[in-house]
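Input: a single structure, listed below in structure tokens.
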Amino acid sequence: MSLDNAPEQSQLGRASAYADQYDPSLLFPIPRATQREAMGIKQGALPFFGADLWTAFELSWLNPRGKPQLAIAHFTVPCETPNIIESKSFKLYLNSFNGSVYVDQDAVRQRLRADLSEAVWRGGDRSGSVGVKLVPPAAFEKETVRELEGLDLDRLDIECTRYQPAPELLSSDMTQAPVTETLSSRLLKSNCLVTGQPDWGSVEIRYTGPPIDQAGLLAYIVSFRNHNEFHEPCAERIFTDVWRRCQPNKLAVYARYTRRGGLDINPFRTSWPQALPENVRTARQ
């Protein structure tokens, strides 16, 4: 069974009716395979593990007495799902809870998990679950702000002339002994595949292998500036290009994008099985 939803068929860039009654049909899954195939990645043989970590800051519903309730929601979507969810459709879906009654927070969480799991696994040859965690207002003060780790690449005074992904800027010194280091930048920017609107982000790259040329890596990150692609394939493109060009023994790429429509998307890809990073926002998110 295939899923033929194309990005241009979604609600992106269109005037949308506001639905305040629960409506799971608003979710618009988009196959990952199209962008992955363009990068030479086969869905059945992924070169990485990981997940997409979403945060929703605009989730509300009614209790049985009609009183509004709210929460911050954290979602974990495994990278092996056949689909992503288009972010505007995700926002519209969450809005549809606003006028709907649920007995308690757990009922909302279960409904979210069921609907999102069905959407991201739709058309696949197996099924799975999306992680859903709801943070109630009483726990908001525990929601911290933390920047990505690693040596700041943005300190480098480099000349930037490329604004479309240029993997040829990447290199490593194969004559040197392997190192283990973490590098980060706040200069990641790409654009929405459909609307062309800017998506601002930060990226953290952890690796073990021949030392990567830091100036070239920063110039490569900047080269995404005029590139039109969704967040998830951008992170996968970074992973794939660094893996192929720099040939590390181990590699992890973690991108955190600023929120749009009350949602932020934070893809994490790693070459080895490990715990997912905490879904903790940066100052810009």
### Query
Quick check: does any side chain N or O of S96 sit under 3.5 Å from a backbone N or O of D23, one acting as donor and the other as acceptor?
yes
### Query
Are any side-chain N or O atoms of S117 and backbone N or O atoms of V130, one a donor and one an acceptor, separated by less than 3.5 Å?
yes
### Message
The criterion is ring pair (Phe, Tyr, Trp, His ring centres under 6.0 Å); which residues satisfy it with F48, sequence neighbours excluded?
### Response
F239
### Query
Backbone N or O of C192 within a donor-acceptor pair of the T195 side chain at under 3.5 Å?
no
### Message
I'd like to know if the side chain of R245 and the backbone of T240 have a donor-acceptor N/O pair within less than 3.5 Å.
### Response
no
### Task
Kindly compute the distance separating CG (L153) from CG (L188), expressed to the nearest 0.5 Å.
12.0 Å
### Query
Just by modelled atom types, is the A119 backbone N or O under 3.5 Å from a matching donor or acceptor in the N83 side chain?
yes
### Query
Is it true that the side chains of H74 and E278 contain a donor and an acceptor less than 3.5 Å apart?
no
### Message
Just by distance, no angles: are the side chains of R284 and S202 close enough, under 3.5 Å, to form a donor-acceptor pair?
### Response
yes
### Stepwise side-chain hydrogen bond (donor to acceptor under 3.5 Å, both in side chains) test for E229 and Q35
CA-CA 9 Å; E229 197 165 47; Q35 294 300 105; 2.7 Å; yes
#### Entry: Partner residues of Y93 under the ring pair (Phe, Tyr, Trp, His ring centres under 6.0 Å) criterion, sequence neighbours left out
F97
### Query
Cut-off 3.5 Å, side chains only: do D154 and S185 have a donor facing an acceptor?
yes
### Side chain S172, main chain C246, donor-acceptor under 3.5 Å
yes
### Main-chain N/O of D152 paired to R155 side chain as donor or acceptor, under 3.5 Å
yes
### Query
Rounded to the nearest 0.5 Å, how far apart are CZ of R36 and CD1 of I41?
6.5 Å
### Task
Show the numbers, then the answer: is there a side-chain contact (heavy atoms from CB on, under 4.5 Å) between T76 and L276?
CA-CA 9 Å; T76 303; L276 295 172; 3.6 Å; yes
## Note on the structure
The reported gap from OG in S100 to OH in Y22 (rounded to nearest 0.5 angstrom) is 9.0 Å
### Query
Side chains of I212 and V179: does their closest heavy-atom pair fall under 4.5 Å?
no
### Task
Would you mind checking if E147 and R186 are paired as a salt bridge, meaning a charged N to carboxylate O distance below 4.0 Å?
yes
### Query
If you round to the nearest 0.5 Å, how far is CH2 of W200 from OH of Y257?
12.0 Å
### Message
Quick one: does any side-chain atom of Y207 pair with a main-chain N or O of W243 as donor and acceptor, under 3.5 Å?
### Response
no
### Message
Is the ring pair W54/F90 parallel, tilted or perpendicular, if the boundaries are 30 and 60 degrees?
### Response
tilted
### N95 vs K91 side-chain heavy atoms within contact, under 4.5 Å
yes
### Message
Run R237 and D241 through salt bridge (charged side-chain N to carboxylate O under 4.0 Å, His left out) and show every step you take.
### Response
CA-CA 6 Å; R237 186 177 298 276; D241 286 346; 5.4 Å; no
#### Entry: Under 3.5 Å side-chain donor-acceptor pair for T55 and D264
yes
### Query
Do E204 side-chain atoms and E149 backbone N/O form a donor-acceptor pair below 3.5 Å?
yes
### Query
Under the salt bridge (charged side-chain N to carboxylate O under 4.0 Å, His left out) criterion, do D106 and R109 qualify, and how do the steps go?
CA-CA 5 Å; D106 191 58; R109 185 184 63 82; 2.8 Å; yes
### Query
Any luck finding a side-chain donor-acceptor pair between Q285 and N266 under 3.5 Å?
yes
### salt_bridge(R260, D199) N-O dist < 4.0 Å
yes
### Heavy-atom check, side chain of R259 versus side chain of F57, under 4.5 Å
yes
### Query
Are any of the side-chain nitrogens in R32 or D52 under 4.0 Å away from the carboxylate oxygens of its partner?
yes
### Q164 side chain to R162 backbone, donor-acceptor under 3.5 Å
no
### Query
Hey, what do you get for CG (N228) to CD (Q197), rounding to the nearest 0.5 Å?
10.5 Å
